[in-house]
Amino acid sequence: MNTRVPVGLYAITDSQLTPSDVLIASVEAAIRGGAVMVQYREKSAPMAERLAEARNLQALCAANNVPLLINDDIALARRVNAAGVHLGQTDSTATEARELLGDEAIIGITCHADLALARAARDAGADYLAFGRFFHSSTKPQAPPAATDILARGKQFGLPVTAIGGITTDNADVLIRAGADLLAVIGGLFGSNPESIEHKANVFQRLFASHHPCFQLPDNRSSQK
């Protein structure tokens, strides 16, 4: 099991908020502000475009020592040498991902609000468990809702827990205090200019510094901006 899953802001891209022409600038701003992990999430673009974007993101993330994960696509993660993948319940399995990406890959699994799914993900070799949605989500409005206590209950499996779904700087502290090790954020981070993205990321970083017992501020980033 990979023990290098970081604690903090998990920035997730979306073509509606981070189209190709602003993708790198947006993610770069998120990293400057304190994002500790990035996920490339693009389901509809042509393969050539997805490959180019993923390669550019991998170069950016590698230069900043920030893991890049690819949503759903194990083959793409392997082609660009990404740090790992995030898989939903209808995607490929953690076992398949581990076989293709190796022992050091970070594999995250969506578990909704279901401890049985979390147990199965742990047993299959996942490195973190993702629970949610906790608030209304414009990205996945039909996702089943989750209560915040699932985060603490999910700790029983001995893996980092990620909260996802409608998270903003205004509601993040509730989830961190409830036990979230990572906050997976799309709309609450992206969709504005780089200065605003950086500011929001830094607010998330400061919330982790205030409320998470294991959060460590990276040496090259300031908690105050």
Side-chain angles (χ1 to χ4, degrees), residues 6 8-73 75-88 106 108 110 130 132-133 135-141 143 162-172 182-208 218 220-225:
L9 173 62
Y10 184 4
I12 302 182
T13 71
D14 182 274
S15 58
Q16 297 300 310
L17 299 174
T18 52
S20 294
D21 59 335
V22 299
L23 176 63
I24 295 302
S26 296
V27 173
E28 188 174 27
I31 292 173
R32 284 199 308 269
V36 298
M37 195 152 74
V38 173
Q39 182 186 135
Y40 175 60
R41 183 179 183 275
E42 173 52 64
K43 297 177 179 289
S44 59
M47 186 62 224
E49 181 178 331
R50 295 174 63 225
L51 179 60
E53 290 181 344
R55 279 176 171 161
N56 289 337
L57 282 177
Q58 172 60 12
L60 171 65
C61 289
N64 287 276
N65 297 312
V66 171
L68 172 70
L69 274 63
I70 306 296
N71 181 271
D72 296 353
D73 195 329
L76 180 59
R78 186 177 185 182
R79 289 185 71 178
V80 302
N81 198 32
V85 290
H86 181 88
L87 302 173
I106 299 174
T110 295
R133 62 175 171 88
F135 308 103
H136 173 73
S137 170
S138 58
T139 303
K140 287 192 173 183
T162 299
I164 192 167
I167 301 170
T168 70
T169 54
D170 291 329
N171 58 34
L182 288 158
L183 294 180
V185 186
I186 304 175
L189 177 64
F190 292 118
S192 55
N193 60 62
E195 291 78 11
S196 179
I197 294 169
E198 182 177 355
H199 171 73
K200 290 178 185 177
N202 190 250
V203 173
F204 282 113
Q205 177 174 263
R206 284 186 272 131
L207 289 171
F208 271 101
N220 62 337
R221 298 176 190 167
S222 169
S223 63
Q224 302 291 333
K225 296 244 177 171

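Predicted, not measured: the structure shown is a model, and the values here were computed from it.
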Check [X] against [Y] and note the closest heavy-atom contact, atom names and distance.
X    : Y    : answer
I31  : C61  : CD1-SG, 4.2 Å
R41  : D14  : NH1-OD2, 3.1 Å
S192 : K200 : OG-NZ, 4.0 Å
A201 : G34  : CB-N, 4.1 Å
A77  : V85  : CB-CG1, 3.4 Å
V80  : Q58  : O-CG, 3.2 Å

- Message: Please check: side-chain N/O of N171 versus main-chain N/O of G166, any donor-acceptor pairing under 3.5 Å?
- Response: yes
About how many Å separate [atom2] of [Y] and [atom1] of [X], when rounded to the nearest 0.5 Å?
X    : Y    : atom1 : atom2 : result
R55  : L76  : CZ    : CG    : 9.0 Å
I197 : N202 : CD1   : CG    : 13.5 Å
I70  : Q39  : CD1   : CD    : 8.5 Å
L23  : E42  : CG    : CD    : 9.5 Å
L57  : L69  : CG    : CG    : 12.0 Å

*asked:* Assess the residue pair T168 and F135 against the criterion (side chain to side chain contact (heavy atoms under 4.5 Å, CB included)); give the C-alpha distance rounded to whole Å, side-chain angles, the decisive distance to 0.1 Å, and a yes or no.
replied: CA-CA 9 Å; T168 70; F135 308 103; over 6 Å; no
For residues 9-53, the ring-ring contact (aromatic ring centres under 6.0 Å, His included) pairs (sequence neighbours left out) are Y10-Y128
Per side-chain hydrogen bond (donor to acceptor under 3.5 Å, both in side chains), H86 is matched among T162, D72, T110 by T110
Quiz item: Side chains of T13 and E53: closer than 4.5 Å at any heavy-atom pair?
Solution: no
Starting from the C-alpha separation in whole Å, work towards a yes-or-no answer on side chain to side chain contact (heavy atoms under 4.5 Å, CB included) for L60 and V38.
CA-CA 10 Å; L60 171 65; V38 173; over 6 Å; no
Tested for side-chain contact (heavy atoms from CB on, under 4.5 Å) against L17, the lone hit among I12, V22, I186 is I186
Between V185 and T169, is the side chain to side chain contact (heavy atoms under 4.5 Å, CB included) condition met? List the steps.
CA-CA 10 Å; V185 186; T169 54; over 6 Å; no
- Query: If you measure from the Lys or Arg side-chain nitrogens to the Asp or Glu carboxylate oxygens, is any gap between R32 and E198 under 4.0 Å?
  - Reply: yes
